[in-house]
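Below, each value reflects all heavy atoms present in this structure, side chains not excepted, and no hydrogens, waters or symmetry copies.
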Amino acid sequence: MLTGILVVGTCVSCVSNERITYFQQSTDGTPIEFGELIPYELTDYRLQYNDILDVSVTTMDQLLENGFNLDPNMGSRAGGMMGGMIQGDINYISGYRIDKDGSVDLPILGKIQVGGSTVVEAKKAIEVELKKYVTTEVFVRVRLGGIRFSTLGEFRRSGKFVMMEERLTIFEAIAAAGDLTTIANRDQLVLIRQYPDGSRMHQINLNDRSIIKSPFYFVQPNDLYYAEPMKVREIGAGENASQSLSLLISSVSAFVLILNLIVR
């Protein structure tokens, strides 16, 4: 009888491969075969409150002196960014944050409305204001100061992350957080995404390979991911069958010991 309990308990507490395998074929959609070209569903990101912009202005003289090395201090800044990955966000100090009115406050130029604009549109708006003060030829560069996202729940490393990238996929974000734990519910990952008019909650199935052509494949600034645990967590689960069996044997042994004490 004890053997039967152990077998049933082990089967219940183990997590099947189907629950933790990424990029499976969809059961209710068109199959996606290996080698098939999958077009991205790219949307122009609209700047919003709390975004940080990296703005630089280069004159023609600086361009002739430094060439295409627009920022001679890039090496030291890059070192600071690497440290910032652990201790903080370098662009929080050096970048320009968009306020709740959708404006960015720049030296001399003052407040410029960029909320709801793309990065390209924000660059043009800054160039228009700059020409009121500068008569020489200048080159303006505007970029997002990194992609910020947060992870909660069944990630191996939960927290807030800043990736100095122009584009980041959801799986790269998961990798940065150390992957999901074995008991994470991969087919119901919760995404809270920020929009200019508020927040929306979405549910993502990481097991389905068709996520590659969804609008949630690429991370947007200030995305928050929450991975809830499977029901198996309520009864305990190990990383594999051996660990699950060890946990179950320990539980049964403790139960038998308590039962013997009660009977005596």
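Note that the CG atom of D187 and the CE atom of M230 stand 7.0 Å from one another [nearest 0.5 Å]. Here the NZ atom belonging to K131 is positioned 11.5 Å from the OG1 atom belonging to T136, to the nearest 0.5 angstrom. The OG atom of S117 sits 11.5 Å away from the CG atom of D44 when rounded to the nearest 0.5 Å. Here the OH atom belonging to Y226 is positioned 12.5 Å from the OG1 atom belonging to T151, to the nearest 0.5 angstrom. How far CZ of R148 is from CE of M163: 12.0 Å, rounded to the nearest 0.5 Å.
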Do K123 and E127 pass the salt bridge (Lys or Arg N to Asp or Glu O under 4.0 Å) test, and can you show the C-alpha distance, the side-chain angles, and the key distance before you say yes or no? CA-CA 6 Å; K123 175 179 179 293; E127 287 176 337; 2.7 Å; yes
Yes or no on side chain to side chain contact (heavy atoms under 4.5 Å, CB included) for N50 and I98, after CA distance, side-chain angles and deciding distance? CA-CA 5 Å; N50 223 29; I98 299 176; over 6 Å; no
Checking R156 against T182 for the side chain to side chain contact (heavy atoms under 4.5 Å, CB included) test, could you report, in this order, the C-alpha distance in whole Å, the side-chain angles of both residues, the deciding distance, and whether it holds? CA-CA 9 Å; R156 297 191 185 277; T182 304; 4.0 Å; yes
Go through it in stages, so that I can follow the logic: the residues are Q194 and D197, the test is side chain to side chain contact (heavy atoms under 4.5 Å, CB included), and I'd like the CA-CA distance, side-chain angles, deciding distance and then a yes or no. CA-CA 8 Å; Q194 309 301 318; D197 54 348; over 6 Å; no
Before you tell me yes or no, could you show the steps for L180 and L206 under side chain to side chain contact (heavy atoms under 4.5 Å, CB included), namely the whole-Å CA-CA distance, both residues' side-chain angles and the distance that decides it to 0.1 Å? CA-CA 11 Å; L180 293 162; L206 296 174; 3.6 Å; yes
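Using a 4.5 Å heavy-atom cutoff, the side chains of K213 and I32 are in contact. Looking at heavy atoms from C-beta onward, K160 lies out of side-chain contact with L152 at the 4.5 angstrom threshold. Using a 4.5 Å heavy-atom threshold, the side chains of F139 and V57 count as separate. I112 is listed as a side-chain neighbour of L106, based on a closest heavy-atom distance under 4.5 Å. Residues Q188 and E228 meet the side-chain proximity criterion, which asks for heavy atoms closer than 4.5 Å. Counting only heavy atoms from C-beta outward, the side chains of Y45 and P221 approach each other to under 4.5 Å. Between V162 and E165, every side-chain heavy-atom pair lies at or beyond the 4.5 Å cut-off. In this structure, D179 and F155 have side chains that are not in contact, with every pair of non-hydrogen atoms separated by 4.5 Å or more.
Shown here for I211 and N205, the closest heavy-atom pair between the two residues is CB-O, 4.1 Å. For the residue pair I52 and G95, the shortest heavy atom distance occurs at CG2-CA, 3.8 Å. Between V114 and L47, the closest heavy-atom pair is O-CB, 3.7 Å. Annotation for R193 and F218: closest pair NH2-O, 3.1 Å, computed over non-hydrogen atoms. For the pair R157 and G178, the tightest heavy-atom approach, listed with the atom from each and the gap, is NH2-N, 3.7 Å. In terms of heavy-atom proximity, Q113 sits nearest to S103 at OE1-OG, 3.0 Å.
Taking hydrophobic clusters as Ile, Leu, Val, Met, Phe, Trp and Tyr residues chained together by side-chain heavy-atom distances below 4.5 Å, V104 does not share a cluster with Y49. The cluster map of Ile, Leu, Val, Met, Phe, Trp and Tyr, joined by side-chain heavy atoms under 4.5 Å apart, puts I147 and F171 in the same cluster. Taken together through direct or relayed side-chain contacts under 4.5 Å among Ile, Leu, Val, Met, Phe, Trp and Tyr, L168 and I192 form parts of separate hydrophobic clusters. Taking hydrophobic clusters as Ile, Leu, Val, Met, Phe, Trp and Tyr residues chained together by side-chain heavy-atom distances below 4.5 Å, V190 does not share a cluster with I204. Residues I38 and V219 share a single hydrophobic cluster, defined by chaining ILVMFWY side chains whose heavy atoms lie under 4.5 Å apart.
Using a distance-only test at 3.5 Å, with no hydrogens or angles considered, no donor-acceptor pair links the side chain of R186 to the main chain of I183. Distance alone, capped at 3.5 Å, places no donor-acceptor pair between the Q203 side chain and the L189 backbone. Between the side chain of E129 and the main chain of I126, no donor-acceptor pair closer than 3.5 Å is present.
For the residue pair N222 / D51, a side-chain donor-acceptor distance below 3.5 Å is found, with atom types taken as modelled.
Cation-pi geometry between R209 and Y22 is not met: the NZ or CZ atom fails to fall both under 6.0 Å from the ring centre and inside 45° of the normal.
The residues D105 and K111 are annotated as not salt-bridged, no charged nitrogen and carboxylate oxygen being separated by less than 4.0 angstrom. Using a 4.0 Å cut-off between charged nitrogen and carboxylate oxygen, R46 and E121 count as a salt-bridge pair. The pair D54-R143 counts as a salt bridge, with a side-chain nitrogen and a carboxylate oxygen less than 4.0 angstrom apart.
Taking the six-membered ring where the residue is Trp, F161 and F149 present parallel rings, their angle staying beneath 30° rather than reaching 60°.
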